[in-house]
There are 2 protein chains.
Amino acid sequence: MSEATQSLQERLAAIIAQTPPGMRLPSEPDLAREMGVSRASLREAMRTFEMQGMIHRRPRAGTYVMQPPAVIESGLEVLESIDTLAARMGLPVCMGDVSIQKRLATREEATALGLMESALVLDIRRSILTQKKAVAYLIDVLPEGLIGDEEMCEFQGSVLDLLLKRGSPSLQSSRCEINVIQANRELAKVFGIQRGDGLLMFRAWLYTVSGQVIDYSFSYFLPGYFRFHVVRRVGQVINPNLNPTIK
Amino acid sequence: MSEATQSLQERLAAIIAQTPPGMRLPSEPDLAREMGVSRASLREAMRTFEMQGMIHRRPRAGTYVMQPPAVIESGLEVLESIDTLAARMGLPVCMGDVSIQKRLATREEATALGLMESALVLDIRRSILTQKKAVAYLIDVLPEGLIGDEEMCEFQGSVLDLLLKRGSPSLQSSRCEINVIQANRELAKVFGIQRGDGLLMFRAWLYTVSGQVIDYSFSYFLPGYFRFHVVRRVGQVINPNLNPTIK
DNA sequence: AAAATTAATTTGTCAGACAATTGACGGATT
DNA sequence: AATCCGTCAATTGTCTGACAAATTAATTTT
């Protein structure tokens, strides 16, 4: 997305945010003039927010600001590191023991990352502490060689943040599977809980824009310390039958 | 969204789906001519799919079809009933015991639904069985009077499907909070598990287009029978500071 | 005062145009 | 023969101006 477009979207977002829910926005010609862009460009940006359910366009009547369904952007649909999340939730956290090792990929990991079975992977494990108590345990598995040793030195606790900061390869999205598991011995020890106690688990595949998986991760969370949510939409997403020639 | 717009989006979705990932789409003038719409309209539709990450537009180079990140539309971001989900996953399910009662709202429920503390609510509880084993337990709390008695007769197991079928009030989205809890006595009995065993829990607020909550629900899932996932995007969502005049 | 008519708005769509940059092609150079 | 470089068509981003259809407000009529 171009910079100008980004700027237009941000400015429009601000205008929408400053308009009380239920109120009508200025008409498109007025708003376009006011913002110094053409009506066509404005309409494209409008479509963005219509997709997000932030505005509702009634033909020949006007464009209305919707009641914000809580906070549309603060849910799981936006990918951010646990550290960033914890910081935003006001939870004072620090990184516990870090374990970094190179090893052979398991079959599961090789499949997930699209590697040969004998490939080497980088295994990064660390816990997140709050008040000296582990509340999250994160395991990232990446193809070996992706991150240089000198880069590893400035590892702050988040593989995602490191990749984002580096800027390459460009990341697109993460597929995150949500599960509940019973703590095994390793996890029980990490969290100081009983074996068999329930833990929230995310299994995630991090995709680049080219569609490759460059991070396969497991995240375990002690119940009660994190609050994840998703905004689910009522049938707005167009759902074509996916590429039959490839499938 | 108008019907013509819907049609254009569906046709464009089909074209995108039929184009192998990585390939370039026809240029905008060509595609617009081919589809019989103006370039401006086509670009608005394009923006929709760019938002979804299905295409990538490179200025002065072309529009490229992205590798579909697994199935973008089958995650939690689309709101569908457990019954619909189970059916799609090929899980043969049936509805277990149903309990419907009118009662006074608890303080928590009154807050969630925006009702007076002494208001009446409709409490619907039911379990979902597969092979005579409970795998999910659903509790919906709605304002009393929203659903008529005659409508309750054709209750098939999903409040959401009932509301969607009726069409009014128009639903917009659901805010779904994800948690893990330890089974209490009631839940242990329902699922036939031990007290303290971990369960996946969704707490959800169902919003109408006018921003009102019309369903406050708790859903409990036995681990292993359902697979929920979310596609998380890397910073595409514009995040304005929400309405300061209202907040 | 109420109803009917009229006029002004507003979104949806279209056609045509220009700018800036990319990427491929051909030619020149080493 | 291989490489480098300039040229040029192609493509997206953006703009201007316009019209249709329906809604909404204002005006007129009964």
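Chain naming here is simple, since letters A, B, ... match the order of the sequence lines and numbering starts at 1 in each. Since the model is a prediction, treat every value here as computed from it, not as a measurement.
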(request) Would you please test B:Glu44 and B:Leu8 for side chain to side chain contact (heavy atoms under 4.5 Å, CB included) and show each step? (result) CA-CA 10 Å; B:Glu44 281 198 48; B:Leu8 171 58; over 6 Å; no

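- Here the side chain of B:Ala61 is nearest to one of C:dT22, D:dT11, D:dG13, namely C:dT22.
- Between B:Glu50 and A:Arg47 there is no salt bridge, since none of the side-chain N atoms of the basic residue sits less than 4.0 Å from a carboxylate O of the acidic one.
- Rounded to a whole Å, the CG atom of A:Leu31 is 13 Å from the C1' atom of C:dT10.
- If you measure from atom CD of A:Gln9 to atom C1' of D:dG13, you get 14 Å, rounded to the nearest angstrom.
- What separates CG of B:Leu8 from P of C:dG12 is a distance of 13 Å, to the nearest Å.
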Could you go through nucleotides 16-19 of chain D and list every protein N or O atom that sits under 3.5 Å from one of its N or O atoms, giving the distance for each pair?
| residue | atom | partner | partner atom | Å |
| --- | --- | --- | --- | --- |
| D:dA18 | N6 | A:Arg39 | NH1 | 3.1 |

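- Here C:dT22 presents its P atom at 17 Å from CZ of B:Arg57, a figure rounded to the nearest Å.
- The nucleotide whose nearest atom lies closest to any side-chain atom of A:Arg43 is, among C:dT13, C:dG23, C:dT10, C:dT13.
- In this structure, CG on B:Leu31 lies 8.5 Å from OG1 on B:Thr63, to the nearest 0.5 angstrom.
- Across all strands shown, B:Arg33 has no heavy atoms under 4.0 Å from either base or sugar-phosphate atoms.
- At D:dG13, none of the side-chain N or O atoms of A:Ser41 fall inside 4.0 Å of OP1 or OP2 (strictly under the cut-off).
- Here the CZ atom belonging to B:Arg11 is positioned 10.0 Å from the CG atom belonging to B:Leu42, to the nearest 0.5 angstrom.
- Regarding A:Leu25, its CG atom lies at a distance of 13 Å from the C1' atom of C:dT10, rounded to whole Å.
- The CZ-C1' distance, from A:Arg24 to C:dT11, rounds to 10 Å in whole Å.
- Classification of the A:Phe226-A:Phe221 ring pair by plane angle, with boundaries at 30° and 60°, yields perpendicular.
- Distance B:Glu44 CD to C:dG12 P: 7 Å, rounded to the nearest Å.
- Considering only side-chain atoms of A:Arg58, the nucleotide from D:dT12, D:dT23, C:dT22 that sits closest is D:dT23.
- Without hydrogens or angle criteria, A:Arg103 side chain to A:Asp123 main chain gives no donor-acceptor distance under 3.5 Å.
- Between the side chain of B:Ser174 and the main chain of B:Cys176, no donor-acceptor pair closer than 3.5 Å is present.
- Residue whose closest nucleotide on DNA chain D sits further toward the 5' end, between B:Thr63 and A:Gly36: B:Thr63.
- In this structure, the CZ atom of B:Arg60 is 13 Å from the C1' atom of C:dC18, given to the nearest Å.
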